Undergrad: 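Sharing a structure here in structure tokens format.
Not measured: the values here are computed from a predicted model. Reckoned from all heavy atoms, side chains included, excluding hydrogens, waters and symmetry mates.
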Amino acid sequence: RTHVTPDALRAREPAQESYLKAVARIPRLSREAEVELAHKLAFVERRRAELLLRVPAFLRRLARVRDELARDERSACELAVTAAPDDDPGARERLRAALDRFLTGAARSPRVDDFLALRLRPGAITSLCAEIPREAFGDIAQTLAALDHEQRELRMTIVRAHLPLVVGLARRRRSTRVPLLDLVQEGNIGLIRALERFDFSRGFRFATYAVWWVRREMSKALLEQGRVVRLPANVVEELQLMARASHDLLLELGREPTADELAGRLGWRVETVREHQALSRGAVSVQAPVGPDEDDPALEELLATAVPPPT
């Protein structure tokens, strides 16, 4: 892992202040403006789907994607917004089965609602279209390109309007080990993922939904980058899950839960809980004193006396 030196941090301060000032000037998106953008985005996505389903080459490409998922040659995470980041085999199988059902019905008459229900990532659809020769789209190629551009612009408008939300959350969670701009960047990734999953038709404000995703990505960054030894992504996810379960049990019991109680709540083995608790404590410097006083011996001194020299 690359460590950020104090000199590098000082060099980044002007850029950081410039970015934060620019974000602070972004006007807040009103509810009416957000609803209008949501309606435009839904119209563009539906119109794009209607045109794509008229292209036999696109349906054939979806069939190949289904087969690639069956052979574990495709990641469900890169295709569907509902797939978990670690892309478990169950997610691939669910997406493959959903594609199979859609293509079976599409052989008779492709339905736009069924296609939209697949919840494919906009970027994944664009990538699949790029793999198809342009002449296969015929007269609708330019229209599809215009819709793709409009969709990106609408999404960018929504994301840009919520950048102050990300900065505000990052300021409250800033750490000495993770620079503020890095934390903001991770929060922006969470903002984009929230937009991919959010359903505007339910009538809730996007910011209310996005906060959880922004905090999730920031917490992951603090666990991954704020440690001397980085942990695998799946372990970070498990530590976050254990922390939430521990907090819930603390509220219910009025005390810190035991390893047995955490194991029962999570469905884990007790040994697994203890291993994760040890990981969550972080690293200890070998030069740190083992006692509360500065005169206490350092850990490296005790290790040196405990381990005999090689012969």
Side-chain angles (χ1 to χ4, degrees), residues 36-160 188-189 191-201 206 213:
E36 183 180 355
L37 285 171
H39 287 163
K40 288 181 179 179
L41 185 59
F43 173 80
V44 169
E45 289 177 345
R46 188 172 190 85
R47 180 58 180 158
R48 187 190 189 199
E50 289 172 352
L51 294 178
L52 284 175
L53 295 183
R54 298 179 190 175
V55 181
F58 180 74
L59 294 174
R60 290 194 296 269
R61 186 68 191 93
L62 285 180
R64 289 200 300 274
V65 168
R66 174 197 58 192
D67 298 338
E68 290 165 0
L69 285 167
R71 297 192 298 266
D72 291 345
E73 297 174 359
R74 275 275 184 175
S75 164
C77 178
E78 69 181 80
L79 293 169
V81 300
T82 54
D86 54 357
D87 192 31
D88 61 289
R92 288 197 297 274
E93 176 55 29
R94 287 191 295 272
L95 181 57
R96 187 209 61 79
L99 275 170
D100 190 55
R101 289 192 298 270
F102 167 73
L103 291 167
T104 300
R108 298 187 298 271
S109 175
R111 294 186 56 187
V112 176
D113 290 336
D114 293 340
F115 176 75
L116 295 175
L118 293 173
R119 303 296 302 278
L120 297 180
R121 294 183 183 276
I125 297 174
T126 302
S127 299
L128 293 177
C129 291
E131 298 171 9
I132 301 172
R134 185 178 176 84
E135 55 269 19
F137 295 99
D139 298 335
I140 65 173
Q142 288 187 345
T143 304
L144 281 172
L147 289 172
D148 184 60
H149 175 75
E150 186 177 0
Q151 183 186 52
R152 287 199 304 270
E153 287 297 313
L154 288 169
R155 287 181 173 275
M156 185 57 66
T157 300
I158 297 173
V159 168
R160 191 182 298 113
N188 290 341
I189 293 173
L191 189 65
I192 293 170
R193 288 185 174 172
L195 182 57
E196 289 179 338
R197 287 172 171 258
F198 187 62
D199 184 0
F200 285 95
S201 64
F206 172 64
W213 285 94

Undergrad: Is it true that E50 and R47 make a salt bridge, defined as a side-chain N closer than 4.0 Å to a carboxylate O?
TA: yes
Undergrad: Mind listing the closest non-hydrogen atom pair of L118 and A80 along with its distance?
TA: O-CB, 4.3 Å
Undergrad: For the atom pair CZ (R66) and OG1 (T104), what is the distance rounded to the nearest 0.5 Å?
TA: 7.0 Å
Undergrad: Of all heavy-atom pairs between L79 and R74, which one has the smallest distance, and what is that distance?
TA: CD2-NH1, 4.0 Å
Undergrad: Are any of the side-chain nitrogens in E196 or R193 under 4.0 Å away from the carboxylate oxygens of its partner?
TA: no
Undergrad: Can you tell me how far apart CG (L147) and CG (L144) are? Round to the nearest 0.5 Å.
TA: 6.5 Å
Undergrad: Under a 4.5 Å cut-off applied to non-hydrogen side-chain atoms, are L62 and L120 in contact?
TA: yes
Undergrad: Report yes if some heavy atom in the side chain of V159 is under 4.5 Å from a heavy atom in the side chain of N188; otherwise report no.
TA: no
Undergrad: Is any NZ, NE, NH1 or NH2 atom of the basic residue among E68 and R61 found under 4.0 Å from an Asp or Glu carboxylate oxygen of the other?
TA: yes
Undergrad: So, the side chain of R197 versus the backbone of V81: is there a donor-acceptor pair under 3.5 Å, distance only?
TA: yes
Undergrad: Quick check for you: to the nearest 0.5 Å, what is the distance between R121 atom CZ and L128 atom CG?
TA: 13.0 Å
Undergrad: Distance from H149 atom NE2 to L154 atom CG, nearest 0.5 Å?
TA: 9.5 Å
Undergrad: What closest approach, in Å, do R48 and P122 show between heavy atoms, and which atom pair accounts for it?
TA: NH1-O, 3.9 Å
Undergrad: Ignoring hydrogens, what is the shortest heavy-atom contact between A63 and L103? Give both atom names and the distance.
TA: CA-CD1, 3.5 Å
Undergrad: Would you check if D113 and R46 make a side-chain contact, meaning some heavy-atom pair closer than 4.5 Å?
TA: yes
Undergrad: Measure across A49 and V112 and return the closest heavy-atom pair with its distance rounded to 0.1 Å.
TA: CB-CG1, 4.0 Å
Undergrad: Is there a donor-acceptor pair under 3.5 Å between the side chain of R152 and the backbone N or O of G123?
TA: no
Undergrad: What heavy-atom pair brings A136 and V55 nearest, and what distance separates the two atoms?
TA: O-CG1, 3.6 Å
Undergrad: Charged N to carboxylate O under 4.0 angstrom, E45 versus R155?
TA: yes
Undergrad: Would you say that F200 contacts I158 through its side chain, given a criterion of any heavy-atom pair below 4.5 Å between the two side chains?
TA: yes
Undergrad: Drop me the distance from L53's CG to F58's CZ, to the nearest 0.5 angstrom.
TA: 7.0 Å
Undergrad: Could you measure the distance from the CZ atom of R101 to the CZ atom of R96? Nearest 0.5 Å is fine.
TA: 9.0 Å
Undergrad: Could you tell me if the side chain of L52 sits less than 4.5 Å from the side chain of F137, heavy atoms only?
TA: yes
Undergrad: Once the angle between the rings of F115 and F102 is folded into 0 to 90°, is it parallel (under 30°), tilted (30 to 60°) or perpendicular (over 60°)?
TA: tilted
Undergrad: How about R111: does its CZ atom have over 12 heavy atoms from other parts shown lying under 6.0 Å from it?
TA: no
